[in-house]
Amino acid sequence: MPELPEVETTCRGIRPHLLGQTISAVEVRQPKLRWPIPAELSTATGQTIHAVTRRGKYLLIKTDTGTILIHLGMSGSLRLVDNHQQPEKHDHIDIALSSGKLLRLHDPRRFGAVLWWTEKIETHPLLSKLGPEPLETAFDDDHLWRQSRGRKQAVKAFIMNGHIVVGVGNIYASESLFRAGILPQRQAGRISRQRYQRLSQTIREVLAEAIAQGGTTLQDFSNSDGQPGYFAQELLVYGREGQDCVACSAKIKIKVIGQRASFYCSKCQT
DNA sequence: AAAGACACCTGTCCGC
DNA sequence: TGCGGACAGGTGTCTT
């Protein structure tokens, strides 16, 4: 479900409800997520929340003594509900707050994760090797160009690699490459610096626009208030195989690259 | 070191 | 209607 814009939308939505709150309880109904929810998470009880941030697609809830690290996987979502609201199927964990609200994780496929880390958060093994944030200055054409030299991988798989740049998932990879006019199957190492200039720009554009629209709702994404995202109507190629290209009217094609469906226009993208 | 396959899990949709 | 199979917004891990 969530790519960077959806995680950012969630982060912004939950932050005001969490800042300054004290965690009054942690209830785990289903500990079997991608990794088992650690027993030490219960030590978050009694701690006060000082910051709610995002790194890549990881949400970070910083408390006095440690950080709760949440990944939404493919199907996860977070909502704030009143503490008397009964949990439904796949509502795996509640973090109860002094306000009387619960931060509730819903995740049917259970590819998500909830972890606890007491050291400097950047040292967490899942975070320490991540590439730059696409909306920050460390991410640019020079970075993409240098990282890609010698790589034979398809450029789409390359930009979806979190060690190169975080947050570019399957939807926005196809969209960015379409806007940049680059074929997704092109070898990353054979793309010019000039074309990476364009690509770094379209990646930033697409992600920023999607955040402004509250993310993309394809099936069931909703923000922490239960509202859908509206970027789906801006998608130019994703999910549009067989339909007319918005630029040239050729039929949009689909091809599996790196085991992920990839959408493109073979006339506009070279 | 890099690239590809596979794994995790549930829900939905499509064709027969 | 039922059933099997493919597929879905992610990413760590294992194998080449």
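Every chain is numbered from 1 and lettered A, B, ... according to where its sequence line falls, protein lines coming before strand lines.
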Exercise for the section: For A:K129, report the nucleic acid contact type (base, sugar-phosphate, nothing); a contact means any heavy atom under 4.0 Å. Expected result: nothing
Handout entry: Stretch residues 198-206 of chain A: residues that reach within less than 4.0 Å of DNA chain C through a heavy atom
Key = none
Practice task
Give A:A261 one of three labels, base, sugar-phosphate or nothing, depending on what nucleic acid heavy atoms sit under 4.0 Å from its own.
Solution key: sugar-phosphate
Practice task
Determine whether A:H50 and A:D64 make a side-chain contact, defined as any pair of heavy atoms from C-beta on separated by less than 4.5 Å.
Solution key: yes
Handout entry: Rounded distance (Å) that lies between atom P of B:dT10 and atom CD of A:Q30
Key = 8 Å
Handout entry: Salt-bridge present (A:R79, A:D91; N to O < 4.0 Å)
Key = no
Practice task
Considering only atom P, compute the distance from B:dA1 to C:dT11 and round it to an integer number of Å.
Solution key: 22 Å
Handout entry: Ion pair check, A:R12 and A:E8, cut-off under 4.0 Å
Key = yes
Practice task
Choose from C:dG10, B:dA3, C:dG9 the nucleotide whose nearest atom is closest to any side-chain atom of A:K57.
Solution key: C:dG10
Practice task
Identify whether any heavy atom of A:Y58 sits under 4.0 Å from a base atom; if not, whether one sits that close to sugar-phosphate; answer base, sugar-phosphate or nothing.
Solution key: sugar-phosphate
Practice task
Report yes if the side chains of A:K251 and A:Q243 come closer than 4.5 Å at any heavy-atom pair, otherwise no.
Solution key: no
Exercise for the section: Write down the distance between CD (A:Q147) and C1' (B:dA2), rounded to a whole number of angstrom. Expected result: 13 Å
Problem - Student check: side-chain heavy atoms of A:S176 and A:L199 closer than 4.5 Å - result: yes
Exercise for the section: Both distances under 3.5 Å, Watson-Crick or G-U wobble: on that basis, could you give the dot-bracket string for DNA chain B, with [ ] for crossing pairs and | for other-strand partners? Expected result: .|||||||.|||||||
Problem - Atom P, compared across C:dC3 and B:dC9: separation rounded to whole Å - result: 23 Å
Exercise for the section: Specify the separation, in whole Å, of atom CD of A:E175 and atom C1' of C:dG9. Expected result: 13 Å
Practice task
For the pair A:D141 and A:R198, find out whether any cationic side-chain nitrogen is under 4.0 Å from an anionic carboxylate oxygen.
Solution key: no
Problem - A:F139 and A:I203, any side-chain heavy atoms less than 4.5 Å apart - result: yes
Practice task
Please check the phosphate of C:dA8 (OP1 and OP2 only) for any side-chain N or O of A:R260 closer than 4.0 Å.
Solution key: no
Fill in the blank from the handout: Out of B:dA3, B:dG11, C:dG12, minimum distance to the side chain of A:L126 belongs to C:dG12
Problem - Mutual orientation of the aromatic rings belonging to A:Y172 and A:F231 [parallel < 30°, tilted 30-60°, perpendicular > 60°] - result: tilted
Exercise for the section: State, without any angle test, whether A:K156 and A:S262 hold a side-chain donor-acceptor pair at a distance under 3.5 Å. Expected result: yes
When you compare the protein's N or O atoms with those of nucleotides 6-9 of chain B, which come within less than 3.5 Å of each other, and at what distance?
residue: B:dC9; atom: O4'; partner: A:R109; partner atom: O; Å: 3.2
residue: B:dC9; atom: O3'; partner: A:R110; partner atom: NH2; Å: 2.8
residue: B:dC9; atom: O2; partner: A:R109; partner atom: NE; Å: 2.9
residue: B:dC9; atom: N3; partner: A:R109; partner atom: NH2; Å: 3.3

Practice task
Round to a whole Å and report the spacing from CD of A:E241 to C1' of B:dC13.
Solution key: 14 Å
Exercise for the section: Mark yes when over 12 heavy atoms from residues, nucleotides or ligands other than A:R190 sit less than 6.0 Å from its CZ; otherwise mark no. Expected result: no
Completion exercise
Rounded to whole Å, the CE-P distance (A:M160 to C:dA8) equals 11 Å
Problem - Euclidean distance, atom CG of residue A:L4 to atom P of C:dT11 [Å, nearest integer] - result: 10 Å
Handout entry: Interatomic distance, A:S266 atom OG to A:I252 atom CD1 [nearest 0.5 angstrom]
Key = 8.5 Å
Practice task
Please check if atom CD in A:E122 has more than 12 non-hydrogen atoms from other residues, nucleotides or ligands closer than 6.0 Å.
Solution key: yes
Exercise for the section: Go through C:dG9, C:dT11, C:dG12 for me and flag the one nearest to the A:H71 side chain. Expected result: C:dT11
Handout entry: A:Q233 atom CD, neighbour heavy-atom count above 12 within 6.0 Å
Key = yes
Exercise for the section: May I ask you to evaluate whether A:Q153 reaches the phosphate of B:dA2, defined as a side-chain N or O under 4.0 Å from OP1 or OP2? Expected result: no
Exercise for the section: Take atom CG of A:N170 and atom P of C:dT11, then tell me their distance rounded to the nearest Å. Expected result: 11 Å
Exercise for the section: Please report, rounded to the nearest Å, how far the C1' atom of C:dG9 is from the OH atom of A:Y172. Expected result: 8 Å
